[in-house]
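Working notes for the structure below.
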Amino acid sequence: MPVEARSDIPVPLPDEVDVAIIGAGTAGMAAYRQVRKHTDRVALIEGGPFGTTCARVGCMPSKLLIAPAEARHRLAVLPAFGIHSDAGTVDGRAVMQRVRDERDRFVGFVQAAVEGFDPAHVIRARARFEDPHTLRLQLPGNGTGGAVARLRAGRIVIATGSRPAVPDMLRAAGDRLLTSDDIFDWDTLPGSVAVFGAGVIGLELGQALHRLGVRVRLFGRGGELAGISDPAVRERAVGILSDDLPMSLDARDVTVSRDGDAVAVRFRDPGTGPCNEPFEWVLATTGRRPNVDDLGLEHAGLERDGRGVPVFDRHSLRAGDSHVFVAGDANDDLPLLHEAADEGRIAGENAARFPEVLRQDRRTPLGIVFCDPQIAFVGQRHAALEQAGVEFEVGEVAFEDQGRARVMQVNHGLLRVYGERESGLLLGAEMIGPAGEHLAHLLAWAIQARLTVGQVLEMPFYHPVIEEGVRTALRLLNEALGMGPHPPPRCIDCGPGA
Ligand SMILES: Cc1cc2nc3c(=O)[nH]c(=O)nc-3n(C[C@H](O)[C@H](O)[C@H](O)COP(=O)(O)OP(=O)(O)OC[C@H]3O[C@@H](n4cnc5c(N)ncnc54)[C@H](O)[C@@H]3O)c2cc1C
Ligand SMILES: NC(=O)c1ccc[n+]([C@@H]2O[C@H](COP(=O)([O-])OP(=O)(O)OC[C@H]3O[C@@H](n4cnc5c(N)ncnc54)[C@H](O)[C@@H]3O)[C@@H](O)[C@H]2O)c1
């Protein structure tokens with residue numbers, strides 16, 4: 001990792017501030033910028049390295065690993081275009097060198113931003129509540145444990161992020177057990193990895209490693225995959241992705257043990273006999289836990305939920321009717337980068353204005369999984385609509401015959417869109433398919449603008465583009481809502497393969 005941007009500049013610590021922010025990640029830095037607009041009496045407290053989870057061990061290095069994997073995988077479609085190539089040999093050291101170099105560049109941008117903050121505001125320490133308004137600061141030591149200081153704060157923003165949660169059953173892998181915090185520092189690619197947890201991180205990293213030539217098996221639970229809630233989309237996703245990546249999404253009787261330097265994974269897939277597969281490494285991608293357990297929250301006088309997170313209002317980020325605000329992964333609501341930034345802004349603004357606290361609209365939910373084909377969620381999920389008893393209809397398009405997708409040899413997937421029966425409002429979508437990141441944005445913007453399905457269909461659609469597939473799904477949805485005619489099976493006005 002790059003050197004710390006900020007040395008421990010001997011700046012006198014304040015005794016008291018208007019707002020203390022715990023954690024200088026994405027949410028904490030966004031909060032700091034807001035607070036600065038109102039007061040100079042602010043402390044941004046960071047107990048770990050600067051650079052944010054996103055840049056250091058999250059969004060950016062994971063996408064840097066996925067990019068070469070996708071580039072290599074595209075070589076497999078070349079013969080279908082009549083092109084033959086024997087390229088594709090993987091130089092693991094070069095792959096990981098680029099991942100680390102580019103990662104360090106991104107981390108450097110964040111560190112430069114921190115360098116731009118007033119040094120008097122930035123405190124290198126781990127913070128814990130001693131009472132609702134007092135933080136105990138454990139300052140960095142020189143190997144012998146650092147000094148302790150105390151800071152009184154009128155308001156406090158908790159923006160402490162999250163960390164990998166590792167189940168005990170994987171601990172037997174010993175020093176062969178890794179998390180996403182470790183792998184981007186690899187010097188080279190390993191030979192084999194058992195990836196436990198078929199959520200977003202497991203799927204993204206498991207598929208990328210597999211496509212870079214690492215022997216991978218993705219172990220899941222109960223058939224879940226990347227949080228897809230629509231059973232039709234999940235079934236399609238499992239079909240497409242398991243064609244390529246070895247998966248045991250409902251592995252039973254799993255045990256992990258060491259066999260010398262290797263890790264033996266014993267398991268049973270439904271309908272098969274017992275298997276015993278050796279791996280060099282075990283990668284735990286079994287979820288993340290909010291960093292609230294070591295904050296002394298029992299001294300903060302806040303009501304907490306079952307995971308120990310202060311009960312808070314997602315429109316103000318305020319914990320109960322207190323002076324404490326909880327933003328980003330720490331609140332365990334929507335652990336995504338853009339949400340952490342939004343929440344930091346709202347929490348910072350409210351902490352600064354306190355006791356005036358404003359409730360703000362939140363954006364339309366949007367989630368993108370950078371596997372290939374991409375998985376995406378927009379607006380209300382299928383399961384949530386069903387659970388809430390919303391009366392809705394579904395329109396769908398399969399991408400196998402979609403014109404542009406076929407031209408490009410990316411014709412795999414299924415998009416399902418949901419619309420409200422009475423109003424015709426577009427409510428949500430789940431998908432696996434080509435250009436998922438772009439289609440998901442279009443749909444999210446339409447939902448946030450509160451457009452009906454009919455109004456979205458009034459928008460321009462070019463030809464031949466993958467967005468024509470969205471139009472097909474929306475036309476079928478409009479018909480199901482009783483608000484549009486049955487679309488012609490081979491739509492002439494839209495050109496072939498729409
Ligand atoms: C592998 C991976 C891939 C991801 N990919 C994506 C993606 O593609 N898109 C996306 O939207 N999201 C992605 N995410 C999620 C995204 O990275 C997080 O939602 C986001 O970074 C959370 O930001 P944050 O500010 O809440 O936390 P962080 O950036 O983790 O900041 C929290 C800070 O608090 C500090 N801290 C903790 N406790 C204390 C304490 N007691 N005292 C002082 N400081 C403390 C920590 O050291 C840390 O610096 C990914 C995550 C992972 C792990
Ligand atoms: N592209 C993106 O936007 C992106 C990428 C990566 C991470 N993230 C964020 O990070 C969060 C955390 O991701 P994650 O993948 O760690 O968590 P997750 O909650 O999405 O998935 C964890 C999975 O592990 C499974 N699991 C738990 N214990 C298990 C066990 N013992 N054996 C097998 N499976 C087990 C769970 O059932 C679940 O399916 C995501 O919810 C997401 O918000 C986003």
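The structure displayed is predicted, hence computed values, not measured ones. Atoms within a ligand are numbered from 1 in the order they appear, just like the ligands themselves. For this chain, numbers begin at 1 and follow the sequence in order.
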Which residue and non-hydrogen atom of the protein lie closest to atom 3 (O) of ligand 2, and at what distance in Å?
I368 O, 3.3 Å
Identify, for atom 42 (N) of ligand 1, the protein heavy atom at the shortest distance, and state residue, atom and that distance.
A127 N, 3.0 Å
Rounded to the nearest 0.5 Å, how far does NE2 of H210 lie from CG of L245?
5.5 Å
If hydrogens are left out, which of A340, G367, G287 has an atom nearest to atom 19 (O) of ligand 2, that is, the closest non-hydrogen atom?
G287
List ligand 2 atoms under 4.0 Å from M169, heavy atoms only on the residue side.
31 (N)
Pi-cation contact, F325 with R155 (under 6.0 Å, within 45°)
no
Give yes if a backbone or side-chain nitrogen or oxygen of F370 is under 3.5 Å from a nitrogen or oxygen of ligand 1, and no if not.
no
R74 atom CZ: more than 12 heavy-atom contacts under 6.0 Å
yes
R163: salt bridge (Lys or Arg N to Asp or Glu O under 4.0 Å) partners, not counting sequence neighbours:
D293
Once you restrict to heavy atoms under 4.0 Å, what part of S62 touches ligand 1? Side chain, backbone, both or neither.
side chain
When you look for heavy atoms under 4.0 Å from ligand 1, do you find them on the side chain of T160, its backbone, both, or neither?
both
Considering only heavy atoms, does D329 approach ligand 1 within less than 4.0 Å through its side chain, its backbone, both, or neither?
both
Does a sphere of radius 6.0 Å around CZ in R289 hold more than 12 heavy atoms from other residues, nucleotides or ligands, not counting ones at 6.0 Å or beyond?
no
Atom 23 (C) of ligand 2 sits nearest the protein heavy atom G199 N, 3.7 Å
Indicate whether any N or O donor in one side chain lies under 3.5 Å from an N or O acceptor in the other, for R288 and S162.
yes
Under 4.0 Å, heavy-atom basis, I'd like to know which part of R288 is in contact with ligand 1: side chain, backbone, both or neither.
side chain
Measure from atom 24 (O) of ligand 2 to every heavy atom in P164, G197, S180 and give the option owning the shortest one.
G197
Taking heavy atoms and a distance under 4.0 Å, where does A159 meet ligand 1: side chain, backbone, both or neither?
backbone
Among G28, G58, G48, G202, which residue places a heavy atom closest to atom 52 (C) of ligand 1?
G58
For ligand 1, does P164 get within less than 4.0 Å through its side chain, its backbone, both, or neither, judged by non-hydrogen atoms?
neither
for atom 25 (O) of ligand 1, nearest protein heavy atom and its distance come out as A27 N, 2.8 Å
Starting from atom 46 (C) of ligand 1, find the nearest protein heavy-atom neighbour and note its residue, name and distance.
E46 OE2, 3.3 Å
Consider every N or O of T53 and every N or O of ligand 1, then say whether any pair is closer than 3.5 Å.
yes
contact_flag A125 ligand 1 heavy-atom lt 4.0 Å
yes
Verdict with supporting geometry, I466 and H438, side-chain contact (heavy atoms from CB on, under 4.5 Å)
CA-CA 10 Å; I466 287 170; H438 305 300; over 6 Å; no
Do Y32 and V157 touch side chain to side chain, with heavy atoms closer than 4.5 Å?
no
Looking only at non-hydrogen atoms, which of G367, G51, G47, A31 approaches atom 43 (C) of ligand 1 most closely?
G47
Return yes if some donor-acceptor pair links the side-chain N/O of S248 with the main-chain N/O of D250 below 3.5 Å, else return no.
no
Please state which part of L295 comes within less than 4.0 Å of ligand 1, counting heavy atoms only: side chain, backbone, both or neither.
side chain
At what distance is the nearest protein heavy atom to atom 10 (C) of ligand 1, and which residue and atom is it?
L337 N, 3.5 Å
Check each heavy atom of E204 against ligand 1 and say whether those closer than 4.0 Å belong to the side chain, the backbone, both or neither.
neither
Taking the six-membered ring for Trp, are F267 and F219 parallel (under 30°), tilted (30 to 60°) or perpendicular (over 60°)?
perpendicular
Under 4.0 Å, counting heavy atoms only: does P167 come that close to any atom of ligand 2?
yes
Please work out, at 4.0 Å between heavy atoms, whether the side chain, the backbone, both, or neither of C54 comes within that distance of ligand 1.
both
Cationic N near anionic O, under 4.0 Å, R359 to D313
yes
Would you tell me which option among G25, P49, G23 has the nearest heavy-atom contact to atom 31 (O) of ligand 1?
G25
Distance alone, cut at 3.5 Å: any donor-acceptor contact between the side chains of H412 and D243?
no
Contact check: K63 vs ligand 1, nitrogen or oxygen atoms, below 3.5 angstrom
yes
Taking distance alone, with no angle check, do L336 and ligand 1 share an N/O pair under 3.5 Å?
yes
Could you identify the single nearest non-hydrogen protein atom to atom 23 (O) of ligand 1 and state the distance to 0.1 Å?
A340 CB, 3.7 Å
Keeping S192 on the side-chain end and E280 on the backbone end, is there a donor-acceptor pair under 3.5 Å?
yes
Is there any N or O on R126 that sits under 3.5 Å from an N or O of ligand 1?
yes
Using a 6.0 Å cut-off, check whether atom CD of E16 has over 12 heavy atoms from anything other than its own residue.
yes
